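Input: a single structure, listed below in C-alpha cells.
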Amino acid sequence: MSSCTQHMVIDILRKNSNKTVSVSKRHAKQLHAHVVKIKGISHEDNILVLSLYSNLNLLHYSTNLFNSLPSPPPPLAWSSLIKCYTSHSLLHLSFSSFNSMRSLSVPPNRHVFPSLIKASTLLKHAKLAYSLHASTVRLGLDSDLYIANALINMYAKFRSFSVNANAGNVFDDLSLRGKSEIHSVRKVFDMMRVRDVVSWNTVIAGYAQNGMFFESLDMVREMGKNGNLKPDSFTLSSILPIFAEHVDVCRGKEIHGYAVRNGFDGDVFIGSSLIDMYAKCNRLENSLCAFYLLPRKDAISWNSIIAGCVQNGEFDRGLGFFRRMLKENVRPMPISFSSVIPACAHLTALNLGKQLHGCIVRIGFDDNEFIASSLVDMYAKCGNIKMARSVFDRMEKRDMVAWTAIIMGCAMHGHALDAVSLFENMLEDGVRPCYVAFMAVLTACSHAGLVDESWRYFNSMERDFGIVPGLEHYAAVADLLGRAGRLEEAYDFISNMGVQPTGSVWSTLLAACRAHKNVELAEKVVDRLLLIDPENMGAYVLMSNIYSASRRWKDAARLRIQMRKKGLKKTPACSWIEVGKEVHTFMAGDKSHPCYDKINKALIVLLEQMEKEGYVLDTNEVLHDVDEEHKRELLHNHSERLAIAFGIISTTAGTTIRVIKNIRVCTDCHTAIKFIAKIVGREIVVRDNSRFHHFKNGSCSCGDYW
DNA sequence: GTAGGGTTAG
C-alpha cells in the first residue's frame, strides 16, 4: 500500500536530516527492494522511492527508476528527476528534461520551478531565468514560498554577475540592468505573503554580496522585528564579510559573541568567515584561535587560514599551513594555490615556487586564471621574467590582474618597451585598465626614461578611464621627470599635484638632484620633505651624500650630527642569496659568515682581475669623510658583493646567481657587478627595493638607468 | 523544491 510506503519514506527522510546519510542511503535501497518484493512493480510506490532517491541525491538510482516508469511519468517524478540533475550541476539535463516533460503535455507543478530557477542561476542564463519567472507569474505560482526564495536568489546573483563583469569590461548597460535586478530582489520579497528564514537570509546575503552593507544590516534588524525570526548561522556568515571589508573588528567580535552564545561557533561556514574577518582586521592571532577551535576543518577553513597568514605578511606560517593541509590529506583547491603562491613571491623563494607550479600542473589546475596570475607575479618577483612571460602567454583568458602582473613584471625587469606594448595589447583586448595597471605602465616608463609615453598615459587616466591619479601615479611621473634631469619641472609638478605628496615622493626628487648634482634645488627639496616627514632618515642620508659628493664636508657633518641627535639611524644594508635550500644573509661589512675568509679571498682575486679589465673605483658613494684606502674597504664590503662572491664560490660554474638587496644598489657596485658577471661568465640577477638588474657579459639590463 | 564561508596584481 502506498500510504505505508509514504510513512517509511518520511521516516527515512527524518533520519537523513540527522546527517546519517549512509544509513538513509541503505534504508532507501532496502525500501526499494521491499517495495519490489512485496508488491511487484507498483508505479505509485516507485514514484515515492524516486523522490526519496532524489532527496538523497542518488543520481543513478533516480534516473534508472525514472526510466522504468511508464510514459508519461507524473509531475512528481519529473520534479524529482530535475532536482537531482540540478544538484549534480547537470544543468542542461535539467532543462532538456523540462522540455521533454512539456512536449508530453505534463503540466508543470510548483515543485519543478525552484530547481529550474536554480539551474538558470547557476548557468548565468538571464533570458531563461526571466522566462521561468514569467511562467510562474502566468501560473500564479510566483509568490509560492520556495519559488519566490529561488527567484530572490536568482536576481541577487545576476546583480553580482553584472557588477563583477563591469569591473573588468566595458558594458555600461549591464550596470543599469544590475540596478533593476537588485530592485527585483526587493520586489519579489515584498510581494510574498509568507516568508521564512531562507527568504530573509537570501535577501541579506544578496545585499551583502552586492556591497549594499547598510541595506543588508538593516534587513537583519527587520528580520527580528517584523519577521520575528532570529539570525541563524546562514545570516551570520553572510554579514561577517561586511565587517571584514570595513575592518570593523568590534562589530565582528559582537557577531562572534552572538555565535558562541547560540552555539553556532562550531559551524565551518561561520568558522571560516571569522578567520577571514579577523585576518582582514589584522588580528591574525584571533584568526588562529578561530581556526584551532574549529571541531571539524574543511578545505575552506584551511584556505582561509593560509590566505589570512599570507595577507598579514606571515609568509612562512602560510606555507606551513599549506604543508599541514597536504599532510592531513585535505585536497587543496585552486584557491589554496592562489593564496599560497604570493608567499613565495614575497619571500623570493623561486625553488619553492617552482615546486608548487609542478604540483599545480600535475593536479591539472594550470588553466585556472587566479593561479596563473599569481604564478606570473611570483616568477617575475623571483627574478625569472622568462617563465613569467611563458605562463602568461599560455593563458587562454587574461583578466586585468593577469595583464597587470605581467606588465609590472616587465617594468621591474627593465623591459619597458614590452611593458608598454603589453599595455596596448590589453586595451586592444577590451580589458579596462585599473588603478594598479596604470601604476605598472607608469613604473615601466619611469624605469626606462620614457617621458612622453608617461605623460600620455598619465593624462589619459582620468580623461579616458575615469581613474583619478593617486599618489603612486604622481610619484612615478615625478620620479621620471627628475631622473630625466628635468628637475625644476619635477619640483613644480610635485608642488602642484592633486594629492598631498609624501616624503617618499620628495625623496625620489632628492635622489635625482643628487644624480644631476644640483645642490641648490636639493636644499629646497629637503626642506619641503622634512616639513612633511621630519623623521625621514633617508632624507638626511641623501642630503648628506649630496654634500659629500660636492665636498661640502662641514654641511654633511652637520646633518649627521642632527641625525644622531634625533636618534635616526640609517637602514642597515642587507643582501641575501638562496643556495641549496638555505638563505644566506649578509650585512654591509659583515664578517660573521662561516665562509667569510673564502669570500674575502675571492673578492680580492676578483678585484685584481676587474682592475685589469679597466674597473676604476667610484668613491663618490661613500658618504664619510675618510681617506681613499678606507673608502675602498667600505665599498669592497658592500653586502651585495659579499652575497655575490659567496654565490660564485658555492655554486657550480654557469649557474645564475640571484641576489636580493633591501636598498638600492650603489653606482660603484653596479659597475663592479658588470665586470664580475663578465669575468666569471655568469648571469647575475640582483633585485633591489624597486627593480631587477640582470648583469650579463659586462652590461646590465637596466642600461645604467635606474 | 529554496539560502551561507575562502582566491590573484601594488
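So you know, we letter chains A, B, ... as the sequences are listed, proteins then strands, and number each from 1. Everything quoted here is computed from the prediction, not taken from an experiment.
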Considering only heavy atoms and no angle criterion, is a donor-acceptor pair shorter than 3.5 Å present between the side chain of A/Ser237 and the base of B/dG4? yes
Check this for me: does the side-chain of A/Ser304 come within 3.5 Å of the base of B/dG5 through a donor and an acceptor? no
Side-chain contact check for A/Val401: nearest option of B/dT8, B/dG5, B/dA3 is B/dT8
For A/Asn303 and B/dT7, is the shortest distance between a side-chain N/O and OP1 or OP2 below 4.0 Å? no
Starting from P on B/dG4, measure out to CH2 on A/Trp200 and report it in whole angstrom. 18 Å
Proximity to the side chain of A/Lys157 - top-ranked nucleotide from B/dA9, B/dT8, B/dG4: B/dG4
Quick one: does A/Ser338 reach the base of B/dT7 with a side-chain donor-acceptor pair under 3.5 Å? yes
Apply ring pair (Phe, Tyr, Trp, His ring centres under 6.0 Å) to A/His447 and list each qualifying residue two or more places apart in sequence or on a separate chain. none
Quick check on B/dG6: is either OP1 or OP2 less than 4.0 Å from any side-chain nitrogen or oxygen of A/Gln311? no
Results of side-chain contact (heavy atoms from CB on, under 4.5 Å) for A/Ala205 - residues two or more places apart only: A/Gln209, A/Ser238
Out of B/dA3, B/dG6, B/dT8, whichever nucleotide has its closest atom nearest the side chain of A/Phe234: B/dA3
Aromatic ring proximity A/Tyr146/A/His111, centre distance under 6.0 Å: no
Nearest to side-chain heavy atoms of A/Ile335, which nucleotide of B/dA3, B/dG4, B/dG6: B/dG6
Steps toward ring pair (Phe, Tyr, Trp, His ring centres under 6.0 Å) verdict (A/Phe423, A/Phe438): CA-CA 9 Å; A/Phe423 189 85; A/Phe438 274 106; 5.3 Å; yes
Can a donor-acceptor pair under 3.5 Å be found between the side-chain atoms of A/Asp232 and the base atoms of B/dG4? no
Any A/Lys280 side-chain N or O less than 4.0 Å from OP1/OP2 of B/dT7: yes
